[in-house]
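Start at 1 with the first residue, then count along the sequence. Treat the numbers as computed from the prediction; the structure is a model and nothing was measured. Numbering of ligands and ligand atoms starts at 1, following listing order.
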Amino acid sequence: MRRMENRFRKWLHNTVGECVTFDEPLSKHTSFRIGGPADVFFVPETIEQLSDVLKWAFENDIPYMILGGGTNVLFKDSGYAGIVICLIRGFKTIERLETPSDPATVRISAMSGVRTQTLCRYAIENGLGDMNFALGIPGTIGGAIAMNAGTAKGSMQDVLVAINVLDATFELRTIGKTQLRFDYRKLFWSNDEENDGTPSPIIVGGIFELTLDDPDKIRSEAENILKRRKQTQPSEPWNAGCFFKNPVSGKSAGELIDLAGLKGRRVGDAKISERHANFIINEKRASAADILALKDIVQKTVQKMFNVSLEPEVKIVG
Ligand code: EPU
């Protein structure tokens with residue numbers, strides 16, 4: 001594994017020293033509580049710091065990746081050879097913008113480091129419907145936009161009107177929804193397919209258009225959604241949400257894994273949840289290797305029994 005050269009460490013230390021740690025255990029920053037060390041863990045306070053480091057990393061061919069709340073990622077035990085940039089400290093503003101022409105709607109800007117649940121609560125408190133679909137989804141707005149996070153009730157693409165990004169030249173830019181291409185749990189960039197060496201934009205926030213509605217109705221709907229979530233999803237906290245994407249048609253991943261009799265199956269401290277079969281739980285000391293071995297068992301069993309190929313929703317890095 002490539003380790004960060006001393007001259008690079010020095011530059012980072014001198015430029016954004018208060019915002020970086022070296023050889024940082026990623027297990028401290030993921031909901032799975034799993035992951036080896038990142039060469040550099042960078043938590044920028046400002047867009048300028050973020051842009052400066054991105055430009056420098058790109059010029060020096062140093063790998064980097066963006067981490068939000070760390071709730072949908074599995075870092076391998078070897079960690080990350082490069083810079084993990086965590087947008088959780090300085091990118092936390094929620095703002096009400098000038099309302100567009102329709103008086104029944106309100107525009108809200110939320111930066112990438114805002115917790116998705118914070119935005120859901122803000123919406124409820126301000127009598128705004130439409131965000132309730134996201135209740136209970138862990139992580140940050142940046143991660144939720146990048147993943148087009150959602151539930152059966154909707155996804156981010158339904159409420160977004162634009163996103164703010166640092167573009168391929170690391171300048172701040174707003175991209176309207178009509179120029180964005182969303183799919184199930186994915187936001188595509190134009191260079192995804194061409195792979196032309198240009199960096200993908202970095203999402204620094206979203207602009208949401210939400211509808212004013214009866215506050216009591218919004219609140220009671222929210223209570224019902226959270227209650228159902230509590231009943232159907234595991235209470236053990238060390239997991240990364242649904243591990244596999246649902247197949248395009250037919251039974252859901254959870255149902256298939258359940259029907260395959262895999263609830264409770266374990267490798268080391270990694271275990272398939274007894275409550276919802278599409279959750280893998282780290283009971284205490286599971287390694288990434290344990291989780292991956294369990295993932296393989298699930299994929300092979302479901303393939304063999306139902307001829308369905310399950311694709312991870314959780315991003316596996318390293
Ligand atoms: N089911 C089983 N056994 C299980 C789990 C589920 O038979 O162990 C059945 C349920 O009874 C139901 C069906 O499978 O008939 C679907 O289950 P559920 O309603 O729990 O929804 P899901 O498709 O498994 C999706 C999202 C969740 C989101 C829920 C609720 C995906 C991969 N998952 O789960 O999102 O919370 O809907 O809206 O799209 C996540 O993305 O991390 C996540 C957890």
Engineer: Output the list of atoms in ligand 1 that are nearer than 4.0 Å to some heavy atom of R228, sorted by atom number.
Structural biologist: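 The list of qualifying atoms is 19 (O).
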
Engineer: Could you tell me whether K153 approaches ligand 1 through its side chain, its backbone, both or neither, with non-hydrogen atoms closer than 4.0 Å?
Structural biologist: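 It is neither part, as no heavy atom is under 4.0 Å.
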
Engineer: Would you call the rings of W56 and F8 parallel, tilted or perpendicular if under 30° counts as parallel and over 60° as perpendicular?
Structural biologist: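 W56 and F8: perpendicular rings.
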
Engineer: Pick one of side chain, backbone, both or neither for how S252 approaches ligand 1, counting any non-hydrogen atom pair under 4.0 Å.
Structural biologist: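 Side chain only.
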
Engineer: Between K217 and D213, does at least one N-O distance fall below 4.0 Å, as a salt bridge requires?
Structural biologist: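 A salt bridge is present here (some side-chain N lies under 4.0 Å from a carboxylate O).
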
Engineer: Hey, are K271 and E236 close enough for a salt bridge, meaning a charged N less than 4.0 Å from a carboxylate O?
Structural biologist: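 The answer is no: the pair does not qualify as a salt bridge.
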
Engineer: Please state which protein non-hydrogen atom is closest to atom 29 (C) of ligand 1 and give its distance, to 0.1 Å?
Structural biologist: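 Nearest protein contact, heavy atoms only, for atom 29 (C) of ligand 1 is Q233 NE2, 4.0 Å.
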
Engineer: I need the atoms of ligand 1 closer than 4.0 Å to a non-hydrogen atom of E313, numbered in the order shown.
Structural biologist: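 In order of numbering, the contacting atoms are 31 (C), 32 (C), 40 (C), 41 (O), 42 (O).
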
Engineer: Do K186 and Y184 meet the cation-pi criteria used here (NZ or CZ under 6.0 Å from the six-membered ring centre, within 45° of the axis)?
Structural biologist: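 No, K186 does not sit over the ring of Y184.
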
Engineer: May I ask you to list the atoms of ligand 1 that are less than 4.0 angstrom from any heavy atom of K263?
Structural biologist: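 That gives atoms 8 (O) of ligand 1.
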
Engineer: When you measure from atom 30 (C) of ligand 1 to every protein heavy atom, which one gives the shortest distance, and what is it?
Structural biologist: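 It is T151 CB, 4.1 Å.
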
Engineer: Between T301 and A260, what is the shortest heavy-atom contact and its length?
Structural biologist: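 In terms of heavy atoms, the two residues are closest at CG2-CB, 4.1 Å.
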
Engineer: What residue and atom, counting heavy atoms only, is the protein's closest point to atom 25 (C) of ligand 1, and at what distance?
Structural biologist: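 It is N246 ND2, 4.3 Å.
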
Engineer: In the protein, what heavy atom is nearest to atom 37 (O) of ligand 1, and what distance, to one decimal place, separates them?
Structural biologist: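 Protein heavy atom with the smallest distance to atom 37 (O) of ligand 1: A152 N, 4.2 Å.
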
Engineer: Out of all atoms in ligand 1, which are within 4.0 Å of some heavy atom of F244? Include the element for each.
Structural biologist: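 Once the distances to F244 are compared, the set is 32 (C).
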
Engineer: Answer side chain, backbone, both or neither: which part of F133 comes under 4.0 Å from ligand 1, heavy atoms only.
Structural biologist: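 For F133, there is no contact with ligand 1 at all, from either part.
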
Engineer: As a check for students: among K251, R275, E255, identify the option with a heavy atom nearest to atom 2 (C) of ligand 1.
Structural biologist: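 It is E255 that holds the nearest heavy atom.
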
Engineer: I'd like to check which ligand 1 atoms, numbered from 1 as shown, lie under 4.0 Å from a non-hydrogen atom of G241.
Structural biologist: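 Going through ligand 1 atom by atom, the ones under 4.0 Å from G241 are 42 (O).
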
Engineer: Less than 4.0 angstrom from a charged side-chain N to a carboxylate O is my criterion; do K28 and E24 meet it?
Structural biologist: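 Answer for the salt bridge query: yes.
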
Engineer: Please determine if E311 and K245 form a salt bridge, counting it only when a charged side-chain N lies under 4.0 Å from a carboxylate O.
Structural biologist: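 Salt bridge: yes.
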
Engineer: Return yes when at least one protein heavy atom is under 4.0 Å from atom 10 (C) of ligand 1, and no when none is.
Structural biologist: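 When distances to the protein are checked, atom 10 (C) of ligand 1 has no heavy atom within 4.0 Å.
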
Engineer: Salt bridge check, R9 against D23: does any charged N sit closer than 4.0 Å to a carboxylate O?
Structural biologist: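 Between R9 and D23 there is a salt bridge, with a charged N closer than 4.0 Å to a carboxylate O.
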
Engineer: Just jot down the ligand 1 atoms closer than 4.0 angstrom to any heavy atom of F279, in number order.
Structural biologist: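 The list of qualifying atoms is 44 (C).
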
Engineer: Between the side chains of Q299 and K295, is a donor N or O closer than 3.5 angstrom to an acceptor N or O?
Structural biologist: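 Yes, because at least one side-chain N or O of Q299 sits under 3.5 Å from a partner of the opposite role on K295.
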
Engineer: Hey, is NZ on K177 packed in by over 12 heavy atoms from elsewhere, all under 6.0 Å?
Structural biologist: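 Check passes, neighbour count above 12.
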
Engineer: How close does the nearest protein non-hydrogen atom get to atom 27 (C) of ligand 1, and which residue and atom is it?
Structural biologist: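 Among all protein heavy atoms, the one nearest atom 27 (C) of ligand 1 is C242 SG, 3.7 Å.
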
Engineer: Strictly by modelled atom types, are D167 and T169 linked by a side-chain donor-acceptor pair under 3.5 Å?
Structural biologist: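 T169 and D167 do have a side-chain donor-acceptor pair below 3.5 Å.
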
Engineer: Should the pair K284-D269 be classified as a salt bridge under the 4.0 Å nitrogen-to-oxygen rule?
Structural biologist: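 Result for this pair is no, no salt bridge flagged.
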
Engineer: R229 heavy atoms, cut-off 4.0 Å: which ligand 1 atoms fall inside?
Structural biologist: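 Counting from 1, the qualifying ligand atoms are 36 (O).
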
Engineer: So which protein heavy atom does atom 17 (O) of ligand 1 come closest to, and at what separation?
Structural biologist: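 Among all protein heavy atoms, the one nearest atom 17 (O) of ligand 1 is H276 NE2, 4.1 Å.
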
Engineer: So which heavy atom on R185 is nearest to which on S155, and how close?
Structural biologist: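 Looking at all heavy atoms of both residues, the shortest contact is NH1-CB, 4.4 Å.
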
Engineer: Please check atom 13 (C) of ligand 1 for a protein heavy-atom neighbour under 4.0 Å.
Structural biologist: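 Looking at atom 13 (C) of ligand 1, one finds that a protein heavy atom does lie closer than 4.0 Å.
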
Engineer: So for ligand 1, is N278 a polar contact partner (N or O within less than 3.5 Å, distance only)?
Structural biologist: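 Such a contact does not occur with ligand 1.
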
Engineer: Students should be able to answer this: which protein heavy-atom is nearest to atom 8 (O) of ligand 1, and at what distance?
Structural biologist: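 Here the nearest protein heavy atom works out to A277 N, 2.7 Å.
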
Engineer: Taking 4.0 Å as the limit for heavy-atom contacts, which would you say applies to D258 with ligand 1: side chain only, backbone only, both, or neither?
Structural biologist: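 Within the 4.0 Å criterion, D258 contacts ligand 1 through side-chain atoms alone.
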
Engineer: Check the angle between the aromatic planes of H29 and F41 and answer parallel, tilted or perpendicular using the 30° and 60° thresholds.
Structural biologist: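 Aromatic pair H29/F41 classed parallel.
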
Engineer: Please determine if Y184 has a nitrogen or oxygen closer than 3.5 Å to a nitrogen or oxygen of ligand 1.
Structural biologist: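 N/O-N/O distance under 3.5 Å: yes.
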
